Amino acid sequence: MKLLALVLLLSASLAIAGCRGGSSGAAATPQPETALGNLRPALDPSSANPCQNGDRKCLDIVLTEMRRRLVPLEKTCDHNALFATMYLRMTEQIRDAYDAGRLQNPAATSHLTAWFANYYFHAYDDWHAGRKDAVPQAWRIAFDAADNRQVRGLGDLLLGMNAHVSRDLPYVVSQVLPAPAAAIDPDYELVNTLIASLSPDLLREVAQRFDPTVATAALPLTLGGAGTFGTFVALWRAQSWARGNELLAASADR
């Protein structure tokens, strides 16, 4: 609840300022229903499903689904468009890292990316289909704030990241890892770095298209001083890695 109070303090408003929608340029790629709908948490190199076996095609499938969902949000200036735009750009960075050969275990990262995205897709679909009891509380807060235009753009971004990174990601980590890991995975850490480096450009894009105030906001960090959005995301992801390992260790002890 401390994060929610911070978001409301920084971002209280009834509408996104200066929303300007636009196409995100969807590319022709395979349909996601089978690849994502039948996905399981364990990587399986022998599977014919490109997301189950971690193929490069999986990232195209995830990005296609993200773009499909983003287009109507942009057209209506829906507050959910800010998080959806940010999530799309971050996933594009993972695809680019895969293509550049920067990942030590690209198959595992591709599979994890799809499994993680499914948490968001399912929460969003349940909320908008009226199955709100099935939606995690953190997502209920984020979606309710977006639907009722309760916060400015920065608030929508923070609430979405809180739900997806702080709430969803520990479960994802605990499900995809075969055993608790003492050290953070190097590819996971690389994604933290990519997100931090992308954040200034991402916030400028969101500010230009949806809410100009996003570009000038500073975030107070828990330990003092002002931090960037990328700093926040990297910190949350590191905490989620640790919590995911704690969940996995606890389940193994039962």
Side-chain angles (χ1 to χ4, degrees), residues 21-41 43-44 47-76 78 80-125 128 139 142 156-157 160-161 163-165 168-169 172 176 187-188 190-206 208-210 229-230 233 237:
S23 173
S24 55
T29 53
Q31 292 298 311
E33 285 81 2
T34 300
L36 297 177
N38 296 331
L39 193 61
R40 301 184 307 278
L43 179 69
D44 181 3
S47 173
N49 180 338
C51 285
Q52 198 67 61
N53 66 36
D55 192 87
R56 164 65 173 75
K57 294 178 183 177
C58 178
L59 296 176
D60 287 335
I61 292 170
V62 173
L63 287 168
T64 295
E65 179 64 8
M66 288 181 171
R67 294 185 185 107
R68 182 187 72 80
R69 290 166 176 268
L70 176 57
V71 169
L73 301 178
E74 292 176 319
K75 290 179 178 178
T76 59
D78 191 304
N80 288 297
L82 286 91
F83 175 80
T85 297
M86 178 203 64
Y87 197 10
L88 171 66
R89 298 296 179 235
M90 291 179 175
T91 306
E92 288 172 342
Q93 290 290 301
I94 297 173
R95 175 206 57 197
D96 292 347
Y98 190 115
D99 290 345
R102 299 183 64 185
L103 299 171
Q104 295 186 24
N105 191 343
T109 299
S110 178
H111 169 262
L112 185 151
T113 299
W115 186 249
F116 187 32
N118 257 351
Y119 269 74
Y120 166 60
F121 296 152
H122 290 161
Y124 185 92
D125 291 346
H128 289 88
W139 275 120
D156 289 304
L157 288 174
M161 292 305 298
H164 201 37
V165 176
D168 292 345
L169 190 52
V172 171
V176 301
D187 289 340
Y188 188 98
L190 174 62
V191 173
N192 291 353
T193 302
L194 293 173
I195 290 173
S197 64
L198 169 69
S199 292
D201 289 338
L202 189 151
L203 292 180
R204 279 191 291 269
E205 177 186 356
V206 171
Q208 181 180 18
R209 294 175 59 193
F210 300 110
F229 185 79
V233 177
R237 280 180 54 86

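As the structure is a prediction and not an experimental result, all values here were calculated from the model.
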For D78, is there an ion pair with R69 - N to carboxylate O distance below 4.0 angstrom? no
[X]: which residues meet the side-chain contact (heavy atoms from CB on, under 4.5 Å) condition with it, sequence neighbours left out?
| X | answer |
| --- | --- |
| T109 | I94, L103, T113, D187 |
| D55 | P50, N53, K57 |
| S199 | I195, F229 |
| R204 | P200, D201 |

What pairs with [X] under salt bridge (Lys or Arg N to Asp or Glu O under 4.0 Å), at least two apart in sequence or on another chain?
| X | answer |
| --- | --- |
| D96 | none |
| R56 | D60, D99 |
| R95 | none |

Minimum heavy-atom distance between [X] and [Y], given as atom pair plus value:
| X | Y | value |
| --- | --- | --- |
| S110 | Y98 | CB-CE1, 4.2 Å |
| T76 | P72 | OG1-O, 3.0 Å |
| I61 | A35 | CD1-CB, 3.8 Å |
| A81 | L70 | O-CD1, 3.8 Å |

Between N118 (side chain) and L36 (backbone), is there a donor-acceptor pair under 3.5 Å? yes
Using 30° and 60° as the class limits, which term best fits the ring planes of Y120 and W139: parallel, tilted or perpendicular? tilted
Specify whether H111 and W115 have parallel, tilted or perpendicular ring planes, treating 30° as the upper limit for parallel and 60° as the lower limit for perpendicular. parallel
Return the [atom1] to [atom2] distance between [X] and [Y], rounded to the nearest 0.5 Å.
| X | Y | atom1 | atom2 | answer |
| --- | --- | --- | --- | --- |
| F116 | L169 | CZ | CG | 4.5 Å |
| N49 | C58 | CG | SG | 7.5 Å |
| M90 | M66 | CE | CE | 10.5 Å |
| L190 | Q93 | CG | CD | 9.5 Å |
| N80 | H128 | CG | NE2 | 5.0 Å |
| M86 | F210 | CE | CZ | 12.0 Å |

With Y188 via ring-ring contact (aromatic ring centres under 6.0 Å, His included) - residues at least two apart: W241
Under the side-chain hydrogen bond (donor to acceptor under 3.5 Å, both in side chains) rule, collect the residues that match up with Y124, sequence neighbours excluded. none
Test side-chain hydrogen bond (donor to acceptor under 3.5 Å, both in side chains) applied to Q104 - qualifying residues, sequence neighbours left out: none
Residue pairs fulfilling salt bridge (charged side-chain N to carboxylate O under 4.0 Å, His left out) with at least one residue in residues 107-120, sequence neighbours excluded: none
Does anything in residues 108-123 pair up under salt bridge (charged side-chain N to carboxylate O under 4.0 Å, His left out), and if so which pairs, sequence neighbours excluded? none
For residues E92 and R89, determine if any side-chain heavy atom of one lies less than 4.5 Å from a side-chain heavy atom of the other. yes
